[in-house]
Amino acid sequence: MRVALFVPCYVDQLAPRVAHATVAVLERLGVEVEFPLDQACCGQPLVNSGHVDDARPLAARFVEVFRGYDHVVAPSASCVATVRHRYGALGMDDLAGGDIRARTWELCEFLVDVLGVDRLPGSFPYRVGLHPACHGLRELRLGASSERRERRDDKVRRLLGSLDGISFVDPTRPDECCGFGGLFSADEEAVSVSMGEDRIADHRAAGAEVMVSTDASCLMHVAGIAGRAGTPFRFLHVAELLAGGEFVLP
Amino acid sequence: MGSRDEILRSIRRTRPGPDDGPPLPPLAGSWTSPPDRLLQFERQLRAVGGELVAVAPDGLEAAVRATVEAVAARVVWSAHVRTGRRDVDLTRAPHDAATVDFALVDGAFGVAENGAVWVTERGLPHRAVLFLAQHLGVVVSSGRLVDHMHAAYAEPEVAAVERGGFGVFISGPSKTADIEQALVLGAHGPRTLTVYLVGE
Amino acid sequence: MTHAERATRFQRDPARAAWHDRSLWFLREKRDRASAEVPEWEELRARAARIKGHVLAHLDDHLERFESNAVRHGAVVHWAKDAGELRDIVTGVLREAGARRVVKSKSMLTEECGLNPHLVARGVEVTDTDLGERIQQLRGERPSHIVMPAIHLRKEEIGALFEAHLGTAPGECDPTVLAHAARADLRRRFLEADAGITGVNFGVAETGGFVVCTNEGNADLGTALPPLHIACMGIEKLVPRAADLAVFLRLLARSATGQPITSYTSHFHGPRRGGKLHIVLVDDGRSALLGDDAFRRSLSCIRCGACMNTCPVFRRSGGHSYDATVPGPIGSILETARDPDRHASLPFACTACGSCTDVCPVGIDLHPQLLEMRRALVRAGRTPWTKRLAMRAAGRVLASPAATALLTRVVRALPAGWRTRWWGAGRAFPELPVASFRDEWKERHRGEP
C-alpha cells in the first residue's frame with residue numbers, strides 16, 4: 001500500500017509539528033509514508049472564495065502529484081473536504097476522474113476506515129475541549145452533527161478516547177463554528193473574532209484545559225484570539241495527541 | 001400576451017424537463033405512533049397552553065358550566081343550542097362575535113402529535129366566533145383521536161373541507177412570543193382553549 | 001454598505017450582540033428539542049425535498065391545476081409577473097371594492113414587492129397584524145427576521161414604542177401587558193377593516209385550496225371579518241396533494257420556533273360566505289431562478305427561518321446587516337440571485353460551516369449553493385477587482401512550493417505592526433517556526449533516492 005502525505009501549505013509553513021505528528025502516527029502503525037515534494041496547495045482558499053478558474057491549476061496539480069498512490073492522507077479535514085466535495089463540482093468535474101476523491105483521507109478517518117484502527121496506545125491525562133472542525137463534521141461526517149437526528153460514529157472521539165486518562169468536556173454548543181472560514185476571517189473580522197472568543201469561552205467554562213481539533217486552521221485562529229486576549233489556553237491538533245509523545249501542559 | 005401566459009411560458013422554458021427530477025414520493029410511510037394516544041394528546045395540548053377536560057357524555061354540560069364560571073364569561077355562545085346558551089345572535093354579521101366571552105364549538109377529531117383539533121364551519125353561522133371569542137371550548141369525541149398529521153389528512157372531515165369551505169387545525173389558545181420570546185397566551189384571538197374529550 | 005460593514009457596526013455593542021446571539025440560539029435549541037421528538041425527522045426532510053423537487057420540475061402543470069381548482073371554489077386568480085404587477089393588481093382589487101382600511105398578516109412576498117408603501121401612498125391604511133411586524137411597522141423599520149420580526153429589540157424599546165403609539169404606561173415593559181395592549185388595538189382594526197391581505201404558506205394543486213399558518217390567529221381574524229380576502233402567493237409555494245401537507249406541517253413549526261404546530265393552521269377553499277377571495281400568483285424572478293441548475297433548489301424554501309437561527313454569522317450580525325427582505329443563508333442565495341449588484345457581499349458573510357444545510361427542513365443544499373453563488377459573482381465581475389487580482393496572485397504563489405516558502409520568509413521579516421494590520425487586531429500572529437515541514441523532511445531524507 002503506497003501512502004502519500006499531503007501537508008496543507010499553512011501547516012507546512014506555520015505548524016509543521018502537526019505534519020511531523022501525522023507522520024509519527026502513521027509510522028507507529030507500520031505505514032510507510034511518502035511525501036511527494038512537488039505537492040502544492042489543494043486550492044481550498046481559491047475554491048471557497050469563488051475563484052475557481054484560478055484554483056483549477058492547483059487542483060489539476062494535486063490530482064497529478066498524487067496519481068500513483070493508493071491513499072493520500074492529510075491532517076486537515078478542510079483540505080480533504082475540498083478534494084472530496086468541491087473538485088467534482090464548481091465546474092471542475094473533469095478533475096474528479098482518476099478517483100482522487102475516493103483515495104484522499106483525513107487522518108482520523110484513514111485510521112478508522114482504512115486501517116481499521118480505533119485505539120492507539122498513549123496517554124493524555126487532561127480535560128479536552130474537542131472542537132469538531134466544520135468541514136470534518138458536516139462534509140466528511142467524521143461524527144454526528146448536533147443538527148441532525150441520526151446516530152453516527154464519532155471517529156475522532158473514538159480514537160482520542162482510547163488514550164489513557166483523557167476526558168472530554170461538554171461545551172454548551174458542541175459544534176458551533178470557530179469563525180475562521182478562510183478569507184472570512186479577514187473579510188468579516190469583527191464577527192470572526194467574536195465567534196472565536198465564544199468558542200474559547202464555551203470550552204473554558206466547560207472546564208477544558210486544552211482545545212483539540214482536526215484542523216490546524218481553526219486552532220491557529222482561536223489560538224491567535226486567546227493570545228491577543230492573554231488567555232492561557234493550549235491548542236493541539238489530534239495528530240499531536242495520537243503521536244504518542246509526552247505532554248506536560250501548563 | 002397576458003402575464004399568465006408569459007409566466008407559464010417562462011416556466012416551461014426554465015424548468016427541468018418533466019422526466020428529470022425525482023418522482024413524487026408515495027403518501028404511505030412508517031410513521032411513529034405514540035404508545036398512548038390519549039396521553040400524548042393531553043401532554044401536547046398542555047404543552048401548547050391548552051386545557052383538557054375528559055368527561056362522560058352526560059358530564060359535558062357541567063364541565064362547560066365550570067369553564068364559564070372559571071373565566072367569568074357573561075356572554076356565552078354554544079353550537080349546541082339545546083344544551084348550551086346562545087346569549088347573542090351570530091347569524092347577522094361575523095363582527096357580532098366580538099362580544100362573546102366563551103364560545104363552545106364542535107371539533108371533528110384531535111391529533112395526538114401536536115394537541116391540535118380540526119374545526120370546520122359546520123354548525124357555525126360564521127367562522128369568526130372561533131377567533132373572536134375571548135375563550136374557546138371545543139368538544140371532541142375521545143374515540144376520534146389520530147396519531148399524527150398523516151392520519152389527520154385521511155379523515156373524512158378534512159376531505160369534506162377540501163371539496164369546498166374552511167377548516168382549521170387549532171392547537172392551544174392564540175399566542176405570541178414576539179416580545180423577547182416571552183410566551184404570551186391570548187394574543188389577538190382566544191385567551192384560553194379547552195378541549196372537552198367526551199367518552200363514548 | 002456591505003454586510004461586513006453593517007456587521008462591524010452591529011458588533012460595536014458587544015453586550016447587545018451577545019444578547020442577540022443568545023436569543024437566536026435559543027430558537028435553535030427549541031428546534032433541536034422539537035425535532036428530537038420525531039424519530040423519522042430525517043425521513044421527513046428527505047420526503048419534503050423530493051416533493052418540492054417534483055413540484056419545481058412540473059411547476060406549470062401544478063400551477064394550472066391549482067388555478068382551475070381554486071376558480072372552481074369561487075376564487076378569482078390573478079397572475080403577476082413582477083413586484084410592480086402585484087402592487088397594481090392588489091391596488092386595483094382594493095379600489096374596485098372601495099376598500100380603504102386593510103389588515104395584513106405576515107407575507108414576505110408582499111414585503112419583497114414593496115406593497116405597503118405603495119398602498120399607503122394611494123390613501124389605503126394598512127395595518128400589519130402579526131405582532132412582530134406591527135412593532136416594526138410602528139418603528140418604520142423592516143423586519144430583522146422572517147419569523148420573529150422584532151427579535152432584535154429589547155422589551156424596554158417595545159415598551160417605549162407602545163407608550164408613544166398605543167398609550168401604554170411609561171416604563172411598562174412586561175411582555176404580557178404590551179401584547180394585550182396590541183391585542184386591544186388590533187382587534188379594533190380587524191373589526192373595522194374592509195379587506196384582509198394574507199400570504200400563503202402552501203397552495204395545494206390537487207384541491208385549489210391553500211394553507212396559512214399563524215400563532216396569533218391574525219390571518220383568520222383578518223379574513224373572517226372583512227368581506228374581501230386577497231391571498232398573495234409565490235408561484236413556488238405549491239404542494240401537489242393535500243396529504244403532502246402532513247409532511248410539511250410536521251416540519252415547519254418545529255423548524256421555525258420549536259412548536260409541534262402553530263396555533264392556527266387554516267385551510268381556505270374559496271371565499272367565505274358573503275365574501276370574495278382573490279389569489280395573486282407572483283413570479284418576480286422565480287421562473288428565472290427555476291432555470292438555474294445551481295440555485296433552483298433554493299425555491300423549495302418554506303420560509304421557516306431555521307437557517308437564520310442556526311447561522312453563527314446571522315446571530316452575531318443581525319438580520320438588518322443583510323439589507324434584504326429575506327436575510328440569512330437562504331436570503332443570501334435568493335436575494336443575491338435577484339439583485340446581485342446590491343447583495344454581492346452576502347454570500348461571503350459565511351464560513352461555509354454547513355449548519356444551515358443540516359437544519360433546512362426541505363433539504364436545500366444551502367452552503368454549497370452559497371459557494372456556487374460566490375463563483376457566479378466572481379465570474380460576473382461583481383467582486384472587488386483588488387480581491388480578484390490578489391487571489392490570482394495567490395494562486396500563482398501557492399502553486400509553487402518555492403514561492404510559498406519565499407512568501408513566508410517575507411512575512412516573517414515584516415514589522416509586527418504590518419502583520420497585525422493584515423492578520424487583524426483581534427488575533428495574535430502565530431509564532432513562526434524556524435523551519436518548514438518540507439525543509440525538515442528533506443533534511444531527514446537527504447541522500448535517499
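Within every chain, numbering begins at 1; the chains are lettered A, B, ... in the order of the sequence lines, protein sequences first and strands thereafter. Side chains included, hydrogens not; waters and symmetry mates left out as well; all remaining heavy atoms used.
- Salt bridge annotation for A/Glu147-C/Arg31: absent, with no cationic side-chain nitrogen under 4.0 angstrom from a carboxylate oxygen.
- Per-residue counts of heavy-atom pairs under 4.5 Å with chain C were compared for A/Gly196, A/Cys134, A/Cys178; the largest is that of A/Cys134.
- Ranking A/Val11, A/Val222, A/Asp175, A/Asp187 against chain C, the residue ahead of the rest is A/Asp187, based on heavy-atom pairs under 4.5 Å.
- By number of non-hydrogen pairs under 4.5 angstrom with chain C, the leading residue of A/His135, A/His20, A/Arg61 is A/His20.
- Between C/Arg315 and A/Glu176, at least one side-chain N (NZ, or NE/NH1/NH2) sits under 4.0 Å from a carboxylate O, which counts as a salt bridge.
- When all heavy atoms of A/Thr172 and C/Trp25 are compared, the closest pair comes out as O-CZ2, 4.5 Å.
- Under the 4.5 Å side-chain criterion, counting only non-hydrogen atoms from C-beta, A/Leu183 is in contact with C/Met391.
- At a cut-off of 3.5 Å, with distance as the only test, no side-chain donor of A/Ser192 or C/Arg316 sits close to an acceptor on the other residue.
- In this structure, a donor-acceptor pair under 3.5 Å is absent between the side chains of A/Glu34 and C/His445.
- With a 4.5 angstrom heavy-atom cutoff, C/Arg379 touches chain A only via side-chain atoms.
- Open room surrounds CD on A/Glu32; 12 or fewer heavy atoms of other groups in view lie less than 6.0 Å from it.
- Within the 4.5 Å cutoff, the side chain of C/Arg392 has no heavy atoms near those of the A/His51 side chain.
- Each of A/Gln39, A/Arg138, A/Arg173 has some count of heavy-atom pairs under 4.5 Å with chain C, and the biggest count is that of A/Arg173.
- Looking only at distances, a side-chain donor or acceptor of C/Glu42 sits under 3.5 Å from a matching main-chain atom of A/Arg149.
- The side-chain heavy atoms of C/Arg438 and A/Val7, taken from C-beta on, include no pair separated by under 4.5 Å.
- Of the listed residues (A/Glu139, A/Arg17, A/His85), the greatest number of heavy-atom pairs within a distance under 4.5 Å of chain C belongs to A/Glu139.
- The most heavy-atom pairs under 4.5 Å with chain C, out of A/Cys41, A/Gly227, A/Ala223, come from A/Cys41.
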